[in-house]
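Notes follow once the structure below has been shown.
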There are 2 protein chains.
Amino acid sequence: MATIYDVAKKAGVGIGTVSRALNDSPNISPETKEKVLRVVREMGYKPHALARGLARKRTGAIGAVVPFFTNYFFIELLKGIQNEVSRLGYDLVLFSADDVSRGEEILERIVRESRVDAVLYVSMPLSDKVLRRVQSLRVPVVLVDQFHPNADSIYVENHRAAYKATRFMIEQGYRRLGMINGQLRSRPARERQEGFLQAVREADLQVRLEWLVECDNLDGQDGFNAPAGYRAMRMLLELRERPEALFVASDVQAYGALRALREAGVRVPDDLALIGFDDIQTSELVGLTTVRQPMFEMGRLAVRRLGNRLKGSDDGLWHKALETELVIRQTCAGGRS
Amino acid sequence: MATIYDVAKKAGVGIGTVSRALNDSPNISPETKEKVLRVVREMGYKPHALARGLARKRTGAIGAVVPFFTNYFFIELLKGIQNEVSRLGYDLVLFSADDVSRGEEILERIVRESRVDAVLYVSMPLSDKVLRRVQSLRVPVVLVDQFHPNADSIYVENHRAAYKATRFMIEQGYRRLGMINGQLRSRPARERQEGFLQAVREADLQVRLEWLVECDNLDGQDGFNAPAGYRAMRMLLELRERPEALFVASDVQAYGALRALREAGVRVPDDLALIGFDDIQTSELVGLTTVRQPMFEMGRLAVRRLGNRLKGSDDGLWHKALETELVIRQTCAGGRS
DNA sequence: AGCGATTGTGGAAGGGCTTCCAGGGAAGCG
DNA sequence: CGCTTCCCTGGAAGCCCTTCCACAATCGCT
């Protein structure tokens with residue numbers, strides 16, 4: 001493997017000069033620079049990333065800690081993240097927390113080991129203790145799809161979104177409303193629940209606890225997956241009295257629920273209407289009425305924020321709440337039949 | 001930031017001893033080791049990844065070069081990859097080639113810069129020239145969903161899979177068969193086409209060229225995406241004579257096609273039957289008859305192979321062809337109506 | 001011509017680790 | 001008791017860069 005010394009020798013200059021040629025330093029004459037760069041090209045030389053990082057005290061990488069991504073929501077997010085990361089000239093290092101509780105461990109490790117210059121911490125809660133420790137190491141962190149008063153974060157207006165979706169169901173004439181939610185230890189899940197409940201209460205409708213299902217966590221993803229949605233729906237179907245319309249906390253859960261409904265021969269939306277949350281790519285085809293989150297945008301903006309922090313500008317706390325949009329398709333539309 | 005010197009001083013030992021304690025070296029007494037590790041724990045010290053990598057001549061990271069992943073196929077693959085990568089104790093660095101043609105550039109760069117210890121090169125062709133250069137740098141590479149005679153690779157039996165799917169359509173009584181394919185510069189696309197054609201010819205059916213649609217590349221993903229599938233279907237619908245059944249080269253394309261069909265009021269499978277390829281998560285819900293690729297498995301095995309190469313064992317060429325399975329659902333089933 | 005400023009350049013130092021080598025001390029052996 | 005052997009240990013060297021400092025050469029000015 002060629003090093004900077006080889007290049008220097010071959011070009012008949014010192015190593016400092018090679019470095020200057022490669023890093024667009026102003027302190028080098030155009031002729032020398034050209035001479036050096038020609039040799040560099042000839043040899044196909046590229047500086048060793050680790051050595052460079054060690055000397056510069058930066059890795060050139062941005063990390064993303066993500067709970068294991070079975071949920072396509074993370075993919076849409078990742079697209080936005082990847083897009084902006086490479087626009088900034090960084091590499092994206094992906095860390096998956098197969099268990100939500102291991103996220104903090106990963107976060108602290110990669111920061112302490114200086115594996116990345118900045119981190120996106122996605123969809124997982126962050127304790128005060130770990131947050132403080134990470135911040136003391138001066139590595140920028142942005143929480144995505146999550147909130148903490150002392151950390152930069154970006155998320156959608158979950159409460160409002162849930163409220164709007166629920167209002168819509170009510171306006172369509174549905175009165176017996178239920179909700180399939182993720183695990184309530186997830187903050188977005190709690191917020192969506194509150195928005196839902198607020199709308200229900202404001203409309204003077206009855207809140208039936210058995211229609212409020214918190215998905216199980218068998219698959220270790222806080223319930224945000226299709227099988228959990230399927231199981232939740234199965235439970236609901238066994239009740240003597242069923243709701244007329246359901247607000248489901250994510251599209252993938254709604255997919256599971258739809259499957260259970262189809263198996264049970266329940267017609268959608270005639271017998272039971274459904275609104276999801278996310279609007280992942282396939283939901284259009286499925287005809288799922290859902291709340292669209294700007295996932296790509298969320299990923300991009302989160303990384304952009306990291307970029308600003310890395311450039312040193314723009315200190316202080318940053319909280320960005322994004323708007324959602326109710327997308328009306330077939331699973332809840334056209335009013336109570 | 002604490003360094004190994006700080007730890008050594010605090011523990012009252014030399015830096016070599018700290019290093020030995022941290023790396024499970026046999027040349028250290030249990031008492032000293034315990035003493036050092038206690039200090040390490042107290043200080044929350046973690047070795048600097050770049051420095052460590054520089055000294056050890058390995059980065060601890062495995063790279064994956066992926067064409068921009070709008071296609072959920074890549075996600076299922078990524079899951080398998082991520083899974084095995086972390087099992088091996090490596091980090092996963094993700095590089096996305098927003099344009100298929102930029103893949104080689106990325107590959108060569110990250111290898112030359114020693115950013116990763118090994119690379120997965122996914123779903124993109126690799127030229128002899130670049131391959132040779134990369135191999136000369138002794139960085140293990142495995143091609144995924146792609147083939148090259150001189151490189152390790154893993155893929156599915158595309159030809160056979162397409163043949164089987166087409167046979168199935170024929171057995172169901174369909175005679176007027178067409179295909180919506182990705183760009184033919186993609187090897188899997190060509191193989192699937194050949195399998196399709198072989199089955200059609202063997203059954204003495206007519207091959208109608210206008211029923212063989214190669215998706216456009218407007219979105220820069222070799223046509224393997226829903227909008228391209230949508231457009232392809234629209235074209236087919238405009239023909240005076242339509243096929244009765246279509247083999248589609250990927251599920252996401254099939255989703256686009258289904259949307260076009262729904263908009264046009266064409267009933268599936270009654271007016272037109274459809275078989276996809278991949279079996280991504282959502283296809284069950286959609287009821288898409290499709291060819292299942294073991295995507296997770298493919299990712300895992302590819303990484304496992306890299307792991308073996310990294311351990312030094314197991315040289316020589318490795319080619320792994322995985323079996324597929326036809327999953328019969330609603331869009332093509334139950335015979336010609 | 002003489003002097004300070006300016007411009008380029010070489011290479012030492014330093015970044016934080018692993019590894020190797022030399023050597024101290026204890027243990028084993030005759 | 002003396003000498004080898006073995007076990008641990010400290011720290012220098014080296015991994016490959018960037019950056020800084022010192023200095024040579026050139027320039028512009030009086």
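- Counting only heavy atoms from C-beta on, L54(B) has its side chain closest to dG16(C) among dT9(C), dG16(C), dT9(D).
- At the phosphate of dC17(D), OP1 or OP2 sits under 4.0 Å from a side-chain N or O atom of Y45(A).
- Regarding contacts with the backbone of dC8(D), every side-chain N or O of S29(B) stays at 4.0 angstrom or more from both OP1 and OP2.
- Neither OP1 nor OP2 of dT9(D) sits under 4.0 Å from any side-chain N or O of T17(B).
- At a cut-off of 3.5 angstrom, counting only N and O atoms as typed in the model, there is no donor on one side facing an acceptor on the other between the side-chain of R58(A) and the base of dG15(C).
- Between N23(B) and dT18(C) there is a side-chain N or O to OP1 or OP2 distance below 4.0 Å.
- Candidate nucleotides dG14(C), dC15(D), dC16(D) were compared by shortest atom distance to the side chain of A55(B), and dC15(D) ranks first.
- The side chain of R20(A) lies closest to dG11(C), out of dG11(C), dC17(D), dG16(C).
- OP1 or OP2 of dT9(D) lies within a sub-4.0 Å distance of a side-chain N or O belonging to T32(B).
- Residues R56(B) and K33(B) both approach DNA chain D. Their nearest nucleotides, taken by heavy-atom distance, put K33(B) toward the 5′ side.
- Here dC16(D) is the nucleotide among dC16(D), dA12(C), dT9(D) with the atom lying nearest to any side-chain atom of K57(B).
- With V144(A) as reference, I154(A) is the one residue of I81(A), I154(A), V66(A), V65(A) to meet the side chain to side chain contact (heavy atoms under 4.5 Å, CB included) rule.
- Under 3.5 Å, the side chain of R52(A) and the base of dG15(C) form no donor-acceptor pair of N or O atoms.
- We find that R132(A) and E104(A) are not joined by a salt bridge, their nearest charged nitrogen and carboxylate oxygen being 4.0 Å or further apart.
- A straight line from CE of M43(A) to P of dC16(D) spans 13 Å, rounded to a whole angstrom.
- Axis angle between the ends of the helix from dA1(C)-dT30(D) to dG30(C)-dC1(D), five pairs each and rounded to 10 degrees, works out to 40°.
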